[in-house]
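What's counted below: heavy atoms across the whole structure, side chains too, no hydrogens, waters or symmetry copies. Numbers here simply count residues along the sequence, with the first being 1.
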Amino acid sequence: MTLARPPGAPATPAQAQPSGPPIKVMIVDDSVFMRGILSKWLGESGEFAVVGTHPNGRRAADDVQSSQPDVVILDLEMPDMDGLTALPLILERKPNTAVLVASALSRRGAEVSLRALTLGAADYLPKPDSARGPVAAEEFRTELLAKARSLGQRVRRRSMPRPPVGSTAGTPAAGTPATAPAAAPAKIPGLGRTDGKLRAYSRMPPALLAIGSSTGGPQALTKLFADIGPFISRVPVLVVQHMPPTFTAILAEHIARASGRRCAEGRDGEDLVAGQIYVAPGGLHMDVVQSGGVSRIRLMDSAPVNFCKPAVDPMFESVAGIYGAAALSVVLTGMGSDGARGALKIADLGGSVIAQDEESSVVWGMPGATAAIGACAGILPLVEIGPRVNRLLTGGRE
């Protein structure tokens, strides 16, 4: 799960306040209190304009064309018309809208949230646990603002008009896309290559596949595992997705269906078995240790890394130390820079790193940081990552 940035901690470049007009947000929740507090938080930030608040999905779907929001914060459990029913109507009537679904931190909430992602929601936001009091509320506020900001900026970039055909004024150089530039990915001072060149893929056959993801990750993982499922019989696969407890168990079930492979949350001390997929449990870090030539999962209830727990970096770093040039890693869509340091270590020890490209990412934070640090052998659209991984797993040369 992505955790709150502590007060006073520096924002990442992706979290910097935008210089353009405010991001337009619609709030849909049957709770008067939630509509009020979300409106207050968004208004206080100075980055957002709340253009509509509604108690059910029907009113939201009826208003979305008039209000023209960039982001819709959509509760999933509502009377009259729930969020799952309203979601496709909202996206049909205003296609270039990022929908951020909110649900309870429960098994049903996780199931409904992941269902919403398959229907086109951009991301999910677990509601705070009231038993944890003000701490949970502050974490929720921080995560809400960060996700609404990143999703809104992405919508704005994709809404920018392209130059007229034949126009040369202000157009990019030949060979570059004529779209508004994205915010620069987070860079890690003092690390990585600066020449902008891709690395060569390892010539050693992969012995393990490690994957990290965050915002937009569940959708990307479903697509990736549908592509690579038949080809991973020779390697174990480790997945770290920024998610809270309960959600990661449901995610593992979705990955199992997509891949046709056994997939479950990793257990402390469990031996890694080729052809099986291990998802880091929410609220715990997961890495790999080796004893007597046998690799095993280790779970750790230690401090957050990159404000995340589970985090990608600890898993990648342990994989680099054990597998070296036989490690294959993939960094998928997500906010922040988690995974970039670990990916660099894998690359420096001869392993292969693939990052999802900006166009196909919901948020090009983690893969962008991995690309910026110079760790990548490939920066590919999501639809090309699976085929590339399959070729590497089956001995194909790149």
query = Residues two or more places apart in sequence or in another chain: which of them pass side-chain contact (heavy atoms from CB on, under 4.5 Å) with Leu91?
reply = Leu87, Val99
message = Checking Lys127 now: which residues fulfil side chain to side chain donor-acceptor pair (under 3.5 Å) with it, not counting sequence neighbours?
response = Asp29, Asp75
task = Please test Val235 against Leu393 for side-chain contact (heavy atoms from CB on, under 4.5 Å), starting from the C-alpha separation and ending with a verdict.
result = CA-CA 8 Å; Val235 299; Leu393 291 175; 3.9 Å; yes
ask   = Using 4.0 Å as the upper bound for N to carboxylate O, is an ion pair formed by Asp301 and Lys309?
value = yes
query = Side chains of Leu209 and Ile228: does their closest heavy-atom pair fall under 4.5 Å?
reply = yes
message = Ignoring hydrogens and geometry beyond distance, is a side-chain donor-acceptor pair present between Asp227 and Asn390 at under 3.5 Å?
response = no
note = For Gly336 and Ala369, the nearest pair of non-hydrogen atoms, with its separation, is O-CB, 4.4 Å
query = Between the main-chain N or O of Ala207 and the side-chain N or O of Arg234, is there a donor-acceptor pair closer than 3.5 Å?
reply = no
inquiry  = Under a 3.5 Å threshold, yes or no: a donor from one side chain and an acceptor from the other, between Ser103 and Ser113?
reply    = yes
message = List the residues meeting side chain to side chain donor-acceptor pair (under 3.5 Å) with Asp63, not counting sequence neighbours, and say none if there are none.
response = His54, Ser67
key: Test side-chain contact (heavy atoms from CB on, under 4.5 Å) applied to Ser361 - qualifying residues, sequence neighbours left out   = Thr333, Gln356, Trp364, Pro367
request  = Give me the other members of the hydrophobic cluster that Val294 sits in, counting Ile, Leu, Val, Met, Phe, Trp and Tyr linked by side-chain heavy atoms under 4.5 Å, directly or via other members.
outcome  = none
task = Applying side chain to side chain donor-acceptor pair (under 3.5 Å), name anything that partners Asp80, two or more places apart in sequence or on another chain.
result = Arg58
Close side-chain approach of Asp357 and Leu380, heavy atoms under 4.5 Å = no
Val112 reachable from Ile90 in the ILVMFWY side-chain graph, under 4.5 Å edges = yes
request  = Apply side-chain contact (heavy atoms from CB on, under 4.5 Å) to Val101 and Leu125, showing your working.
outcome  = CA-CA 6 Å; Val101 296; Leu125 189 64; over 6 Å; no
query = Under a single-linkage definition using a 4.5 Å side-chain heavy-atom cutoff for Ile, Leu, Val, Met, Phe, Trp and Tyr, are Val50 and Val32 assigned to the same hydrophobic cluster?
reply = no
ask   = Can you check side-chain contact (heavy atoms from CB on, under 4.5 Å) on Glu359 and Arg158, steps first, answer last?
value = CA-CA 9 Å; Glu359 181 63 26; Arg158 296 193 171 192; 4.0 Å; yes
For Tyr124, ring pair (Phe, Tyr, Trp, His ring centres under 6.0 Å) partners two or more places apart = Phe247
remark   = Here the salt bridge (charged side-chain N to carboxylate O under 4.0 Å, His left out) pairs for residues 279-299, sequence neighbours left out, are Asp271-Arg296, Asp287-Arg298
query = Which residues pass the side-chain contact (heavy atoms from CB on, under 4.5 Å) test with Thr394, sequence neighbours left out?
reply = Phe231
Pairwise distance CZ(Phe140) to CG(Leu145) - rounded to 0.5 angstrom = 9.5 Å
query = Would you call Glu111 and Arg108 a salt bridge, taking side-chain N to carboxylate O under 4.0 Å as the test?
reply = no
Verify same cluster id: Leu74, Met81 (apolar side-chain graph, 4.5 Å) = no
query = Are side-chain heavy atoms of Val51 and Val25 found at a separation under 4.5 Å?
reply = no
query = Should Leu105 and Thr246 count as side-chain neighbours, where that means a heavy-atom distance under 4.5 Å?
reply = no
task = Under 4.5 Å between side-chain heavy atoms, chaining through other members, with only Ile, Leu, Val, Met, Phe, Trp and Tyr counted: pull out the rest of the cluster around Met315, sorted by chain and number.
result = Leu208, Leu238, Val240, Leu272, Val273, Tyr278, Leu284, Met286, Val288, Ile297, Leu299, Val312, Phe316, Val319, Ile322, Tyr323, Val331, Ile346, Val353, Met366
query = When you look at Val289 and Ser318, which way does the side-chain contact (heavy atoms from CB on, under 4.5 Å) test go after all the steps?
reply = CA-CA 7 Å; Val289 294; Ser318 68; over 6 Å; no
ask   = Who are the side-chain contact (heavy atoms from CB on, under 4.5 Å) partners of Ser259, not counting sequence neighbours?
value = Phe225, Ile255, Arg261, Ile277
task = Enter the distance from Ile211:CD1 to Leu224:CG here, rounded to the nearest 0.5 Å.
result = 5.0 Å
inquiry  = I'd like to know if the side chain of Glu270 reaches the main chain of Arg267, judged simply by a donor and an acceptor atom lying under 3.5 Å from each other, with no hydrogens or angles considered.
reply    = yes
ask   = Donor-acceptor pair, Ser337 side chain versus Ala340 backbone, under 3.5 Å?
value = no
query = Do His254 and Arg115 have side chains that get closer than 4.5 Å, going by heavy atoms?
reply = no
task = For Gln68, check side chain to side chain donor-acceptor pair (under 3.5 Å) against everything at least two apart and list the hits.
result = none
inquiry  = To check you understand the geometry: which heavy-atom pair defines the closest contact between Gly282 and Pro310, and what is its length?
reply    = CA-CD, 3.9 Å
message = Any carboxylate oxygen within less than 4.0 angstrom of a Lys/Arg side-chain nitrogen, looking at Glu253 and Arg107?
response = yes
inquiry  = Assigning hydrophobic clusters by single linkage (Ile, Leu, Val, Met, Phe, Trp, Tyr; side-chain heavy-atom cutoff under 4.5 Å), is Val239 placed with Val305?
reply    = no
inquiry  = How long is the straight-line distance from CD of Glu139 back to OG1 of Thr142, given to the nearest 0.5 Å?
reply    = 8.0 Å
ask   = Do the charged groups of Arg149 and Asp70 touch, with an N to O distance under 4.0 Å?
value = no
inquiry  = Any side-chain to backbone donor/acceptor pair from Gln219 onto Ala121? Under 3.5 Å, distance only.
reply    = yes
inquiry  = Less than 4.5 Å apart, side chain to side chain, heavy atoms only: is that true for Arg59 and Asn56?
reply    = yes
request  = Answer yes or no: is there a donor N or O on one side and an acceptor on the other, between the side chain of Arg93 and the main chain of Ala61, under 3.5 Å?
outcome  = yes
Donor-acceptor contact present, side-chain Thr248 to main-chain Met243, <3.5 Å = no
key: Heavy-atom side-chain proximity of Ile27 to Ser39 below 4.5 angstrom   = yes
query = Taking side chain as C-beta onward, heavy atoms only, is Val71 less than 4.5 Å from Lys24?
reply = no
ask   = Can you hop from Ile73 to Met34 via hydrophobic side chains spaced under 4.5 Å?
value = yes
note = To the nearest 0.5 Å, atom CD of Glu317 lies from atom CG of Leu349 at 11.0 Å
message = Using modelled atom types and a 3.5 Å cut-off, is there a donor and acceptor pairing between side-chain atoms of Lys94 and backbone atoms of Pro69?
response = yes
